[in-house]
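Each chain gets a letter, A, B and so on, in the order the sequences are listed, and its residues count up from 1.
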Amino acid sequence: MPELPEVETIRRTVAPVIGRRVSRVRLLRRDVVITPDDPFGGASRARGGRPSRQRRVRDEELLAGARIAELRRHGKQLAVLSDSGRVVVIQLGMSGRIALHDSRAAREAHTHIEWLLDDGSLLRFIDPRRFGGVRTLERVDELNELWTATLGPDALGIRADALHRALSRTSRPIKNALLDQRVLAGVGNIYADEALFASRLHPERLANDLSPGEVKTLAIAIRKTLRLAVEHRGSTLRDYRDASGSPGEFASRHAVYGRSGQACRSCESVLCSARVAQRTTVWCPGCQPHSSTRNTHRDASDR
DNA sequence: CCTTAATCCTGGAAGC
DNA sequence: TGCTTCCAGGATTAAG
């Protein structure tokens with residue numbers, strides 16, 4: 001669920017763990033650990049993979065005994081680097097959360113991993129739907145390999161030329177391309193719709209059909225939308241919370257996401273919605289015309 | 001290449 | 001009130 005702004009907000013609010021030593025780890029659900037045998041985690045479990053056959057996970061792999069040195073984010077993934085060289089990469093999926101408690105707070109449902117730190121604080125990975133998971137790496141260079149092999153450039157700093165390079169290679173609708181983490185890392189359903197609105201681009205325009213000027217506008221809109229969302233500590237729709245338990249404030253500023261059937265704040269047209277890239281997609285028919293031919297597609301049935 | 005459907009799982013909201 | 005159905009911020013694979 002969390003997209004880049006939410007993960008970045010979590011990274012910032014979890015920063016007090018830097019410099020702390022992990023005195024104890026509790027793995028309450030072994031199958032949230034994504035192993036090389038099960039490289040795709042939740043999705044491969046979806047094919048009927050057997051969690052019971054997961055190999056044993058040693059506490060050291062989850063940083064037991066190590067000192068936390070750095071928190072790094074790329075796209076929607078958060079990496080916890082330790083002075084032992086070991087790394088834990090956290091992917092939150094749809095419903096994943098990180099909680100940092102300063103005392104021994106009660107364990108809530110769906111807590112899968114707990115790290116007890118040497119100052120008495122408690123870091124928890126909580127994920128009701130379990131679409132998320134963690135990977136354990138032995139060395140930092142494996143992190144660089146993982147991220148360069150599976151993720152495109154980070155969306156928060158995306159430049160027009162890099163975006164143009166990535167988009168020119170695919171003829172999918174722009175919305176599909178933006179959701180593909182190998183094209184651009186960090187954008188999900190909310191911020192894809194928001195950035196497309198800010199760029200005045202129809203979500204079904206083809207990625208490799210955008211002019212250089214349109215791509216430049218889009219790159220600027222992505223950076224600006226994400227930066228603004230980070231400033232507002234992310235969007236909370238239902239259960240997103242940062243590591244200290246606070247909701248994000250950005251949802252009230254959404255221009256299109258979640259506003260199907262309501263008036264566009266810019267031109268007062270009624271916002272449209274339809275399935276694009278298998279996701280509910282909202283746009284303004286006035287501000288985001290589908291330049292080619294006429295408007296073929298519309299589905300203003302909201303609610 | 002690209003699209004669609006299906007899958008993992010829980011819980012909140014809406015419908016009847 | 002209670003039961004059922006739909007929907008959700010993600011990511012992946014198989015099949016067409």
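Atoms CG (Leu237(A)) and C1' (dA13(B)) sit 14 Å apart, rounded to a whole Å. The interatomic distance linking Ile190(A) (CD1) with dC7(C) (P) rounds to 18 Å, in whole Å. Summarising the geometry, the separation between CD1 on Ile34(A) and P on dC8(B) is reported as 17 Å, rounded to the nearest angstrom. Remark: P of dG10(C) and CG of Leu151(A) are 14 Å apart, rounded to the nearest angstrom. As a whole-Å value, the separation of Leu92(A) CG from dA8(C) C1' is 16 Å. Distance Leu146(A) CG to dA11(C) P: 13 Å, rounded to the nearest Å. Straight-line distance from the CZ atom of Arg97(A) to the P atom of dG10(C): 17 Å, rounded to whole Å. Summarising the geometry, the separation between CZ on Arg275(A) and P on dC2(B) is reported as 21 Å, rounded to the nearest angstrom.
In the set dC9(B), dG10(C), dC2(B), dC9(B) carries the atom at the smallest distance from any side-chain atom of Arg130(A). Checking dC8(B), dT3(B), dA11(C) against the side-chain heavy atoms of Gln91(A) singles out dA11(C) as nearest. Proximity note for Arg238(A) (side chain, C-beta onward) versus dA8(C), dG10(C), dC2(B): the nearest is dA8(C). When distances are taken from the side chain of Glu3(A) to each of dC9(B), dC2(B), dG10(C), the shortest belongs to dG10(C). When distances run from any side-chain atom of Asn176(A) to the nucleotides dG9(C), dT3(B), dC9(B), the shortest one goes to dT3(B).
Between the side chains of Thr150(A) and Arg182(A), no donor-acceptor pair is found at a separation under 3.5 Å. The closest side-chain donor-acceptor pair between Thr170(A) and Arg172(A) falls under 3.5 angstrom. In summary, the side chains of Asp127(A) and Ser95(A) do present a donor paired with an acceptor at a separation below 3.5 Å, with no hydrogens or angles considered.
Dashed line: the shortest gap from a side-chain N or O of Arg172(A) to OP1 or OP2 of dT4(B) is not under 4.0 Å. For dA8(C), the OP1/OP2 oxygens have no side-chain nitrogen or oxygen of Ser95(A) closer than 4.0 Å. Considering only side-chain N and O atoms, Lys76(A) lies nowhere under 4.0 angstrom from the phosphate OP1 or OP2 of dG9(C). OP1 or OP2 of dG11(B) lies within a sub-4.0 Å distance of a side-chain N or O belonging to His110(A).
Within the 4.0 angstrom heavy-atom criterion, base atoms lie near Gln278(A). Backbone-only contact: Pro173(A) has heavy atoms under 4.0 Å from sugar-phosphate atoms and none from a base. Within the 4.0 angstrom heavy-atom criterion, base atoms lie near Ser235(A). Tyr191(A) comes within 4.0 angstrom of no nucleic acid atom, judged by non-hydrogen atoms across all strands. Among the atoms of the strands shown, base atoms are found under 4.0 Å from some heavy atom of Thr236(A).
Salt-bridge check for Arg233(A) with Glu249(A): failed, with every basic side-chain N at 4.0 Å or more from each acidic carboxylate O.
A distance cut-off of 5.5 Å between ring centres, combined with a plane angle under 30°, leaves Phe131(A) outside any stacking arrangement with the base of dC9(B).
Mapping Ala277(A) and Pro128(A) onto DNA chain B via the closest heavy atom, the residue that lands nearer the 5' end is Ala277(A).
Enclosure of atom CD in Glu231(A) by more than 12 non-hydrogen atoms of other residues, nucleotides or ligands within 6.0 angstrom is indicated.
When side chains are defined from C-beta on, Leu4(A) does not count as touching Val187(A), because their heavy atoms never get closer than 4.5 Å. Side-chain contact between Arg56(A) and Glu61(A): absent, with no pair of heavy atoms (C-beta onward) separated by less than 4.5 Å.
Nucleotides dG12(B) and dA11(C) place their C1' atoms 23 Å apart, quoted to the nearest Å. Taking the P atom of each, dA5(B) and dC6(C) are spaced 15 Å apart, rounded to whole Å.
The distance from atom CG of Leu137(A) to atom CD of Glu145(A), rounded to the nearest 0.5 Å, is 9.0 Å.
Tyr191(A) and His254(A) have perpendicular rings, their planes meeting at more than 60° on a 0 to 90° scale where under 30° would count as parallel.
A donor-acceptor contact under 3.5 angstrom links the side-chain atoms of Arg129(A) to the base of dC9(B).
In secondary-structure terms, DNA chain C builds stems of at least 3 consecutive Watson-Crick or G-U pairs, each pair having both distances under 3.5 Å, at B:2-8 with C:10-16, B:10-16 with C:2-8.
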